[in-house]
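Accompanying notes for the structure given below.
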Amino acid sequence: GSRPVYQLGVTEGDRAISHFNGTVTVSIPYTPQEGEDLNSIVVYFINADGIPEAMPQCRYDSAEGKITFQTGHFSLYAVGYHPVTFKDVSSDAWYHDAVSFIASREITNGMEEGKYGPAEKLTRGQLMVMLMKTYGISPDNSSTSNFSDAGSTYYTGYLAAAKRLGLSEGVGNNLFAPERKISRQELFTLTYQVLKNIDKPPAGDSGKTLADFSDSTELTVWAKDAVNLFVEQGVISGSNGKLAVKEDVTRAQLAQLLSNLLKN
């Protein structure tokens, strides 16, 4: 439509450089139209077939008046607007902005009947799919090696890619337990492992440490490094001075975590 499209390029003499050994950070000036939700302003890569693909790792900075994203190649990019609403996510809910942010970037399509299911308990399979979508990691279309309980469902290809890339070792005995509910300390640890493997550590300084939370002593040893990092960098802030590390995670809480990571 009338949305701005940019052709980005770098040349060295007469030679065009379109792919990089790493990523490039790009900031594009953009003035939101009246009534636009800033969470729903998204950068799209226009692929060779002319189809727009959402760039999950983009964020609009209202102070700078720019939208920033990272890419490993230059081509055509557009600044689009993609608001997504769910029947069970009210505009005054504490998780509204986070759900809107990740849904507009196609990290989640919600559940059945136009609902997001914010109070639903998160499963390990749901986490891995949404986490990999957040960082643009594609599922494997076919694989001769996967977790033995990966089945044949929406998370199968993602688990195959996670195993191949070493993003997760599962729970042992070549099992991932995709349908098992996940605790907060498991969530932080698995997320930390993925970010470490793809070299995408969060940045920031909250000024807080584990000692600021009264229940930090309840952390299992294997979770301490991950939770400590996320606390120090402001990815997680807890509630009422507690981290509630043993509690199950809801889909609303996951949306908030992913939103925090992308905005961090």
So which atom in [X] and which in [Y] form the shortest heavy-atom distance, rounded to 0.1 Å?
X: Ser40; Y: Pro83; result: OG-CA, 3.4 Å
X: Leu159; Y: Pro178; result: CD1-CB, 4.1 Å
X: Ala150; Y: Thr153; result: O-CG2, 4.1 Å
X: Pro29; Y: Ser27; result: CD-O, 4.1 Å

| remark: Residues passing the side chain to side chain contact (heavy atoms under 4.5 Å, CB included) test with Leu210, sequence neighbours excluded, are Ser216, Leu219, Val227, Asn228, Val231, Leu243
| Set of residues satisfying side chain to side chain contact (heavy atoms under 4.5 Å, CB included) with respect to Asn240, sequence neighbours excluded | none
| message | Under a 3.5 Å cutoff, is there a donor and acceptor pairing between the side chains of Lys200 and Gln70? | response | yes
| said: Does either side chain, that of Gln193 or that of Asn197, offer a donor lying less than 3.5 Å from an acceptor on the other one? | reply: no
| query | Which residues pass the ring-ring contact (aromatic ring centres under 6.0 Å, His included) test with Phe176, sequence neighbours left out? | reply | Phe147
Sub-3.5 Å donor-acceptor pair from the side chain of [X] to the main-chain atoms of [Y], do we have one?
X: Asn47; Y: Asp49; value: yes
X: His82; Y: Ser104; value: yes
X: Ser259; Y: Ala255; value: no
X: Thr156; Y: Gly151; value: yes
X: Asp88; Y: Gly117; value: yes
X: Thr250; Y: Gln253; value: yes

| Got a sec, which pairs hit side chain to side chain donor-acceptor pair (under 3.5 Å) with one end in residues 176-188, sequence neighbours left out? | Tyr155-Glu179, Arg180-Glu186, Ser183-Glu186, Gln185-Thr220
| request: Could you list all the side chain to side chain donor-acceptor pair (under 3.5 Å) pairs where at least one residue sits in residues 158-173, not counting sequence neighbours? | output: Asp140-Arg164, Ser145-Lys163, Lys163-Asn174
| Residues in side chain to side chain donor-acceptor pair (under 3.5 Å) contact with Glu12, at least two apart in sequence or another chain | Arg15
How many angstroms lie between [atom1] in [X] and [atom2] in [Y], if you round to the nearest 0.5 Å?
X: Glu218; Y: Glu247; atom1: CD; atom2: CD; answer: 9.5 Å
X: Ser2; Y: Gln33; atom1: OG; atom2: CD; answer: 6.0 Å
X: Asp225; Y: Thr189; atom1: CG; atom2: OG1; answer: 9.0 Å
X: Leu122; Y: Leu187; atom1: CG; atom2: CG; answer: 7.0 Å
X: Leu254; Y: Lys121; atom1: CG; atom2: NZ; answer: 13.5 Å
X: Ile198; Y: Met132; atom1: CD1; atom2: CE; answer: 9.5 Å

| message | Could you list the cluster mates of Phe20? Members are the ILVMFWY residues connected by side-chain heavy atoms closer than 4.5 Å, either directly or through other members. | response | Tyr6, Leu8, Val10, Ile17, Val24, Val26, Ile28, Tyr30, Leu38, Ile41, Val43, Phe45, Met55, Tyr60, Ile67, Phe69, Phe74, Tyr77, Val79, Tyr81
Path from [X] to [Y] over hydrophobic side-chain contacts below 4.5 Å:
X: Ile107; Y: Val42; answer: no
X: Val245; Y: Val171; answer: no
X: Tyr44; Y: Leu262; answer: no

| Would you say Val99 and Val84 make side-chain contact, with heavy atoms under 4.5 Å? | no
| query | Does any non-hydrogen side-chain atom of His19 lie less than 4.5 Å from one of Thr71? | reply | no
| Between Thr123, Leu127, Thr108, which is the residue that forms a side chain to side chain contact (heavy atoms under 4.5 Å, CB included) with Arg251? | Thr108
| task | May I ask you to check whether over 12 heavy atoms, not counting those of Lys208, lie within 6.0 Å of atom NZ? | result | no
| Is atom NZ of Lys246 surrounded by more than 12 heavy atoms (other residues, nucleotides or ligands) closer than 6.0 Å? | yes
Listed once per pair and sorted, the salt bridge (charged side-chain N to carboxylate O under 4.0 Å, His left out) pairs that draw on [range], sequence neighbours left out:
range: residues 35-45; result: Arg3-Glu36
range: residues 229-245; result: none
range: residues 90-116; result: none

| query | Taking it one step at a time, do Leu131 and Ile137 satisfy side chain to side chain contact (heavy atoms under 4.5 Å, CB included)? | reply | CA-CA 9 Å; Leu131 190 57; Ile137 305 172; over 6 Å; no
| field | Sequence neighbours excluded, every pair satisfying ring pair (Phe, Tyr, Trp, His ring centres under 6.0 Å) that has a member inside residues 212-245 | value | none
| message | Taking ring pair (Phe, Tyr, Trp, His ring centres under 6.0 Å) as the cut-off, I'd like each qualifying pair that reaches into residues 89-146, sequence neighbours left out, listed once. | response | Phe86-Tyr116
| Audit row: Lys263, Leu258, side chain to side chain contact (heavy atoms under 4.5 Å, CB included) steps and yes/no | CA-CA 9 Å; Lys263 292 179 178 180; Leu258 297 180; over 6 Å; no
